[in-house]
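Since we're looking at a predicted model, the values are computed, not measured. Labels below follow one simple rule: chain letters A, B, ... track the order of the sequence lines, proteins then strands, and each chain is numbered from 1. All values below come from the heavy atoms of this structure, side chains included, with hydrogens, waters and symmetry mates left out.
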2 protein chains.
Amino acid sequence: MGKYHHGDVRNVLLEKAETILTKEGPTGLSLRRLARMTGVSEAAPYRHFDGKDGILAAVAIAAFERFADQLEAVADTIANHEERIMKLGAAYVGFAVEHPQHFRLIFGRERPPLDQYPELREAADNAFDVLQRAVTSVDRKANMTLTEAATAYNRALAAWSRAHGIAMLVIDGMIVPPADQDLGSFVLGLLEEDLNAPLNA
Amino acid sequence: MGKYHHGDVRNVLLEKAETILTKEGPTGLSLRRLARMTGVSEAAPYRHFDGKDGILAAVAIAAFERFADQLEAVADTIANHEERIMKLGAAYVGFAVEHPQHFRLIFGRERPPLDQYPELREAADNAFDVLQRAVTSVDRKANMTLTEAATAYNRALAAWSRAHGIAMLVIDGMIVPPADQDLGSFVLGLLEEDLNAPLNA
DNA sequence: GCTTTAATGTTAACAAAGTTAACATAAGAA
DNA sequence: TTCTTATGTTAACTTTGTTAACATTAAAGC
């Protein structure tokens, strides 16, 4: 007389997985525990997901999508090129700080291999496309020379890696943002820092 | 008649752990497998290390030291301030690319908590001191105003996070360095990229 | 030299996790 | 209604981290 077919196990599992991940990270997410917490047998998740990686992939896809949406929302509202790059970087770090576990999931090594989950690869590519478009969009509509295009691409990489480095080091606790300052402006300050300028600017 | 006391189990374990880590990363390092490969009982490692975290900590400490040495070697040979910062960044990324698993270990979440391993914390702090000194050393010997000192500090953070971001994205395969170019000059290019400069420089 | 003690090994057990196989039941198609 | 498929369940198997109980060796104290 077991409650076979509750109807929505897959979604419930996903939501609970989401909750656990937020609190304890990918390592703390155990399939068995997840199943118990969902009130379903310990093997049930295997009917809906391709094992643990399958669930992680599903969560990662959702995370990538939210990430991309958040970046796009910022990028779309800012017309000025330089300002857009900077604010985008701040938003990038902002997402990492607000959702450190999700950020770690989509960039860390517990992320399932992109090759094995085409939708995951798609979600990842889409997020990076948003970034790249935002960084190079203004230049794209002008007719660029080959070297200009190359520079634009490199600049996107540079902007991306700067934001990424700050994000990683901050959520790792290696860089501690000053308490008396807004996180966004702190990040902007770091992004704009010119390593070659004289100290007494 | 068992071969009790082979004499050097601790070091052999560490070396084998090192080997496994290089090939398979922290996740692939299983204590039991390590013990078997070392030809010792599966509980033996616990006599020499504080469980799995203990071994990871030991390996991480060694990794931090090599990392710091490598950075210091570069920093010490370059007198020019700007050049030193840049080459240091390239060395930072170089280490990550040469030893991705070690880099991941010392920066990822499988690194044992610094609080629980004072020597690990020390090794980490030392590595970052090397970085910070190299980035701010020239300025340090001048008598700086408070704001100059703050700028110097921020600049160190900016340099660090830039290198870190490139390193992370490269070893994650999200940024693929061009095959026709030396990795070092690729990194230097990214580090020097001025996001605000016009495209046709 | 002999005895005691601490260090170092060993085996055996436990719990937790990922995964799969074998079986049960419900829902929908034929 | 019957057959097939999707979805659940239980029970097993393997691996892993860890600890307890016991064995042996080396070193220290007498």
Side-chain angles (χ1 to χ4, degrees), chain A residues 1-21 23-60 101 105 108-113 116-117 120, chain B residues 1-21 23-60 101 105 108-113 116-117 120:
Chain A
M1 211 257 110
K3 284 203 317 197
Y4 269 61
H5 285 85
H6 339 167
D8 201 26
V9 181
R10 198 195 132 100
N11 281 333
V12 180
L13 282 174
L14 255 188
E15 282 169 29
K16 278 252 193 304
E18 185 75 39
T19 308
I20 297 179
L21 180 98
K23 278 191 282 201
E24 316 182 29
T27 321
L29 199 165
S30 132
L31 277 200
R32 298 184 95 119
R33 198 152 69 89
L34 171 62
R36 283 189 302 256
M37 289 173 68
T38 310
V40 86
S41 90
E42 296 184 334
Y46 289 86
R47 295 292 173 196
H48 300 277
F49 298 95
D50 178 18
K52 184 166 189 177
D53 268 7
I55 290 197
L56 286 181
V59 177
Q101 306 289 16
L105 173 61
R109 70 248 108 311
E110 46 263 290
R111 180 194 59 207
Q116 277 170 45
Y117 296 90
L120 181 56
Chain B
M1 204 247 109
K3 283 203 314 195
Y4 269 59
H5 286 86
H6 340 167
D8 200 27
V9 180
R10 199 194 131 100
N11 281 334
V12 179
L13 282 174
L14 256 188
E15 282 170 27
K16 278 253 194 303
E18 185 74 43
T19 308
I20 297 179
L21 180 99
K23 277 191 282 201
E24 315 182 28
T27 319
L29 199 164
S30 132
L31 277 201
R32 300 183 94 119
R33 198 152 69 90
L34 172 61
R36 283 188 302 253
M37 288 173 69
T38 311
V40 86
S41 91
E42 295 185 335
Y46 289 86
R47 295 294 173 193
H48 300 277
F49 297 95
D50 179 18
K52 185 168 189 176
D53 268 7
I55 291 198
L56 286 181
V59 177
Q101 305 288 16
L105 172 61
R109 68 249 109 305
E110 46 263 289
R111 180 194 60 207
Q116 276 170 44
Y117 297 88
L120 181 57

Restricting to nitrogen or oxygen on both sides, can you table the protein-nucleotides 20-22 of chain C pairs closer than 3.5 Å?
residue: C:dA22; atom: N6; partner: A:Arg47; partner atom: NH2; Å: 3.0

Could you tell me whether B:Lys52 and B:Glu110 have a side-chain N and a carboxylate O separated by less than 4.0 Å? no
Distance, rounded to the nearest Å, where A:Asp8 contributes CG and D:dG8 contributes P: 10 Å
Contact under 4.0 Å: B:His48 side-chain N or O vs C:dA7 OP1/OP2: no
Among D:dG8, D:dA12, D:dT18, find the nucleotide with the atom closest to the side chain of A:Arg32. D:dA12
Which whole-number value in Å describes the distance from B:Phe49 CZ to D:dG17 C1'? 16 Å
Checking A:Asp53 against A:Tyr117: is there a side-chain donor and acceptor pair closer than 3.5 Å? no
Contact class for A:Ser30 (heavy atom, under 4.0 Å): base, sugar-phosphate, or nothing? sugar-phosphate
One pair to check against side-chain contact (heavy atoms from CB on, under 4.5 Å): B:Glu24 and B:Arg33. What are the steps and the verdict? CA-CA 12 Å; B:Glu24 315 182 28; B:Arg33 198 152 69 90; 2.8 Å; yes
Look at all strands and tell whether B:Leu29 reaches a base, only sugar-phosphate, or nothing, counting heavy atoms closer than 4.0 Å. sugar-phosphate
Applying side-chain contact (heavy atoms from CB on, under 4.5 Å), run through B:Leu31 and B:Glu42 and close with a yes or a no. CA-CA 7 Å; B:Leu31 277 201; B:Glu42 295 185 335; over 6 Å; no
Determine the contact category for A:Arg10: base if any of its heavy atoms lies under 4.0 Å from a base atom, sugar-phosphate if only primed atoms, P, OP1 or OP2 are that close, otherwise nothing. nothing
Counting side-chain heavy atoms from CB outward, which of C:dT11, D:dT9, D:dT18 is closest to B:Lys52? D:dT18
May I have the distance from B:Leu34 (atom CG) to D:dT15 (atom P), rounded to whole angstrom? 17 Å
Close side-chain approach of B:Thr19 to B:Lys23, heavy-atom, < 4.5 Å: yes
Atom-pair distance (CG on A:Leu31; P on C:dT19), nearest Å: 6 Å
Can you check side-chain contact (heavy atoms from CB on, under 4.5 Å) on B:Leu14 and B:His48, steps first, answer last? CA-CA 10 Å; B:Leu14 256 188; B:His48 300 277; over 6 Å; no
